[in-house]
Protein chains: 2
Amino acid sequence: MRITIKDIAKKAGVSPAAVSKALNGQPDIGEATREKILRISRELGYTPNIIARNLVMKGNKTLGVLIPDISTPIYPVIFQGINERAGKYGYTLLLADTGRDLGNERKFISTMMENRVAGLMVSPVSNDVSHIEEAVRNQIPIIYFGGKVNDGMEDYVGVDNYHGALLAVSHLTGLGHRRIVMICDDLNTKTRFDRVEGYRKGMEEKGLAPDVFVDDEGLKGRECGMAAMTRILRGRREIPSAVFALNDLMAIGAMEALDGAGLRVPGDVSVVGYDDIPFASLPMIGLTTVWQPKFQIGETALEQLHQRLKGDGGRGNHKTILQPELRIRTTTGPV
Amino acid sequence: MRITIKDIAKKAGVSPAAVSKALNGQPDIGEATREKILRISRELGYTPNIIARNLVMKGNKTLGVLIPDISTPIYPVIFQGINERAGKYGYTLLLADTGRDLGNERKFISTMMENRVAGLMVSPVSNDVSHIEEAVRNQIPIIYFGGKVNDGMEDYVGVDNYHGALLAVSHLTGLGHRRIVMICDDLNTKTRFDRVEGYRKGMEEKGLAPDVFVDDEGLKGRECGMAAMTRILRGRREIPSAVFALNDLMAIGAMEALDGAGLRVPGDVSVVGYDDIPFASLPMIGLTTVWQPKFQIGETALEQLHQRLKGDGGRGNHKTILQPELRIRTTTGPV
DNA sequence: AAAAATAACTTAAACGTTTTAGTAAATTCT
DNA sequence: AGAATTTACTAAAACGTTTAAGTTATTTTT
């Protein structure tokens, strides 16, 4: 049995209230008794039961974090951002990986609510978060982040995908490229949509015709990039001089296809990705890509939640949009 | 204010005890009242307060997980193994990233104890876990895992590094290699030591002279691999025909150095890594390496903790050693 | 020296549950 | 019909804390 305040009280010959006060450094307790209590508590190896304390004090310092797939390279870093700030403010984190499964998301949200987290930070599985809102019922603050955020949400921290794509395309046009194709898996999230729009804008600014190739056969990542690139290479009269991929994995896939077709990167065609996942920076790959402020996303999300928790706790309707940065490496060059 | 059993009781005109029974499907409650209570509880959007329940029932279903750095590619997958099994058994996970900092490790261990987790799974920052044992005082079960486990620990799940290295070296000798050098950053963990021993054994079995190059100038990962390889290329009369690196990042570094020296992989020298981090399998890299059963480490750790929690909860002194597998790709070839 | 103030405690209620023991009413038994 | 049993509840204690209010004994004030 773990030892409690009562055990200390008994051993010290005082009341539990006295122990509580001594332990919390409150005033009305004598120096001698205080020291005695502290000594005994140390001897017995007492650890305060925070959850019992929270019960009476109301309010606790646990936050829930929901992530669709922690092994997707962006999330560990976001979590570290959250974790760091959480440590700073004394929060403890309940983390669950939903595995991109809506049922799991539902289940974990309930678990978190039952565990009386003070607030939630969720990177939702799907664009539709109505079941989350319903379960939470505005009882605690919630912040959304990640790839499935959209303008309809009340509070989220996101990244300016439009601007990120614009950066990528401007880089390419600046190098003299005119036939730039964008490859994409599907278009069913706002994140993807914004990147496409940014690309369109970047092209139109230079008077170039946008050319978006969507491969929505259900493939993802490398395989999708490879399939898309292969089909582009086969189907067109002129091959593009540059490719802008929806994400780094697709960019890698495209590079594989180019390699397979005997084309050199960036000699024959330049490639730009999006995300800056860890291996993008490996010298063997050297992918030019759009970096996301991952750590900062986590920090900001926690910071906002913290502010709301300190304040009224209501919906803040705070949408924070962070800015991505272009990382120029070796897969892009002059046309 | 979140609504409680009392609120439901008041609205239904019954006692809190009746509500509790109805909600938990206990027998001695009338059908009519049960339905009324259930209806009202649904209407009010009641969510049980699990932590209040745990207080009276004793024992809870929260486990603590401590990880040194969640952005190190192996950990997300381990966490998913833990997470999956946790969901299955109804555990909730408190996760903290210690950032490889001993002070943080201490702090988070206390936090977890104060939050009355039922058990702990920790991948320690250092080989010495005495401060953890001291804080935990055998009050709850604990399982160690990760890179800093050693035989002195009472309960851990680890990987057979000795055998993993043996696999790597046998592969190389099987291809006809005789001058195989192992490169290593330092030798201060059992994990590293075991890999070196496995390498030694593999060499000696074939009557070859082991050749371990330790670069302990404080460099890590790619930089260390590059530095080590560069020095080997400069300092020896005969260059080795194969390199076995302590880990994948060092292998990548070594490949960079080889490339810089105009040597082809695997034409001139074969390279084997260890860990099988995600990009090892990219076709551009195609690193032959030793894979670790990451997901299974997580699963096993949770499974063992669960068994102990169901049982006596005492030290199990269970050491589970999982087996690694060789992943042969394109950086190795016949001499 | 009596009254007032202060120091150092203790008592008891509260937080949101569960559960044991108790109770009144309805039903079954003989 | 009266006793015994069952049904459907309620009362109260418990879990480990905190805290407002109460109680002594001691010190200070006048």
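Residue numbers begin at 1 in each chain, while the letters A, B, ... track the order of the sequences. Since we're looking at a predicted model, the values are computed, not measured.
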**Q** Between B:Asn115 (CG) and D:dT17 (C1'), how many Å, whole number?
**A** 14 Å
**Q** Is there a side-chain polar atom (N or O) of B:Thr33 under 4.0 Å from OP1 or OP2 of D:dC9?
**A** yes
**Q** Could you check how far CD1 of A:Ile37 sits from P of C:dA8, rounded to whole Å?
**A** 12 Å
**Q** So, are A:Lys190 and A:Asp194 salt-bridged, with charged N and O less than 4.0 Å apart?
**A** yes
**Q** Do B:Glu105 and B:Pro124 have side chains that get closer than 4.5 Å, going by heavy atoms?
**A** yes
**Q** Parallel, tilted or perpendicular: which one describes the rings of B:His306 and B:Tyr89, with boundaries at 30° and 60°?
**A** parallel
**Q** Please tell me whether B:Arg53 and B:Ser20 have a donor and an acceptor in their side chains that are separated by less than 3.5 angstrom.
**A** no
**Q** Atom CD of A:Glu31 to atom P of C:dA8: distance rounded to whole Å?
**A** 9 Å
**Q** Using a 4.0 Å heavy-atom cut-off, write out nucleotides 10-22 of chain C from 5' to 3' as B (base contacted by protein), S (sugar-phosphate only) or - (no contact).
**A** BB---BBBBB-B-
**Q** Regarding A:Glu43 and A:Arg39, does a basic nitrogen lie under 4.0 Å from an acidic carboxylate oxygen?
**A** yes
**Q** Say you draw a straight line from CG of A:Leu120 to CD1 of A:Ile140; how long is it, rounded to the nearest 0.5 Å?
**A** 4.0 Å
